[in-house]
Amino acid sequence: MNDSTLRIVWIYPDLLSTYGDRGNMLILAHRAAARGIPVETYEVRSDMQMPTSADIYLIGGGEDGPQALAAQRLITDGGLHRAVNQGASVLAICAGYQLFGHSFFAKGTKCAGLGLLDIFSDRGETRAVGELRGDIDPRLGLPPLTGFENHGGRTHLGQHAAPLARVTGGIGNDGQTEGAWAGKVIGTYSHGPALARNPAIADLLLRWSTGADRLAPLDDSWPERLRGERLAAATPA
Ligand code: GLN
């Protein structure tokens with residue numbers, strides 16, 4: 001490893017990794033290596049100390065029990081807080097997204113989150129299950145979001161977090177907005193895995209973490225076919 005090596009951490013694969021979320025790490029590593037960026041990936045299980053000096057942290061979705069346990073361990077560990085405060089980039093999916101906020105509900109109990117995104121989550125009357133699509137915040141300059149959602153929680157944003165997208169199909173946070181971002185932290189309800197369906201978000205994370213203004217284009221004809229199919233499959237909101 002040298003100083004230019006991009007270090008990617010997959011947080012707690014033993015607790016949070018549903019619907020192919022681990023693919024987000026594979027896609028980031030692939031898209032970095034294809035640009036000649038040296039990359040190392042680390043799978044940090046919940047019985048391990050969280051490294052504080054990685055460049056990108058990824059956390060996935062999961063059921064209520066593992067979600068509550070992951071939040072407790074991350075709060076006790078404190079390493080993820082230090083990493084984010086030092087400027088690391090984050091992609092947090094579903095349960096991982098909810099636990100980045102101030103609080104969330106798991107198995108009917110209100111749980112403390114990490115407070116690294118100005119959001120909180122409660123429960124909806126129905127589960128949100130199915131295709132999700134949305135128009136991403138124009139400030140991020142990205143094409144529409146596509147994903148698969150399956151969650152009972154609903155998420156509300158405070159003034160220090162902006163919606164990642166306006167929903168055009170599915171539920172997301174509340175049927176109107178989907179996900180949140182602040183600084184270099186992105187949270188979303190999109191599984192799928194999210195970065196296979198949204199390679200532009202992978203490249204945004206790579207640009208944030210390397211400081212590059214632009215990255216060499218890749219042949220994305222297969223991801224584009226997938227995106228076209230999945231965006232067409234999402235029911236308009
Ligand atoms: N347990 C959370 C909920 O149901 C998150 C689910 C998930 O990560 N898919 O809202």
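One-based numbering along the sequence shown. Not measured: the values here are computed from a predicted model. Counting convention: from 1, in listed order, for ligands and their atoms alike.
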Review point. Do M48 and L80 share a hydrophobic cluster (ILVMFWY, side-chain heavy atoms under 4.5 Å, transitive)?
Key: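 Yes, one cluster joins them.
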Exam field: side chain [X] to backbone [Y], donor-acceptor pair closer than 3.5 Å:
| X | Y | value |
| --- | --- | --- |
| D137 | L164 | no |
| R166 | D135 | no |
| R197 | G147 | yes |

Check your understanding: Do you know the tightest heavy-atom contact between A32 and L6?
Key ->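 Reported closest heavy-atom pair: CB-CD2, 4.0 Å.
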Check each N or O atom of ligand 1 against all protein N or O atoms and list the pairs under 3.5 Å, with atom names and distances to 0.1 Å, one per line.
from, atom 1, to, atom 2, distance (Å)
ligand 1, 1 (N), G62, O, 3.2
ligand 1, 1 (N), D64, OD1, 2.6
ligand 1, 1 (N), Q67, OE1, 3.0
ligand 1, 4 (O), R127, NH1, 3.4
ligand 1, 4 (O), R127, NH2, 3.2
ligand 1, 4 (O), G152, N, 2.9
ligand 1, 8 (O), G62, N, 2.9
ligand 1, 8 (O), G62, O, 3.3
ligand 1, 8 (O), A95, N, 3.0
ligand 1, 9 (N), N150, O, 2.8
ligand 1, 9 (N), H191, NE2, 3.2
ligand 1, 10 (O), Q98, NE2, 3.0
ligand 1, 10 (O), G152, N, 3.0
ligand 1, 10 (O), G153, N, 2.9

Check your understanding: Apart from F105 itself, which Ile, Leu, Val, Met, Phe, Trp or Tyr residues share its cluster (side-chain heavy atoms under 4.5 Å, direct or through members)?
Key -> none
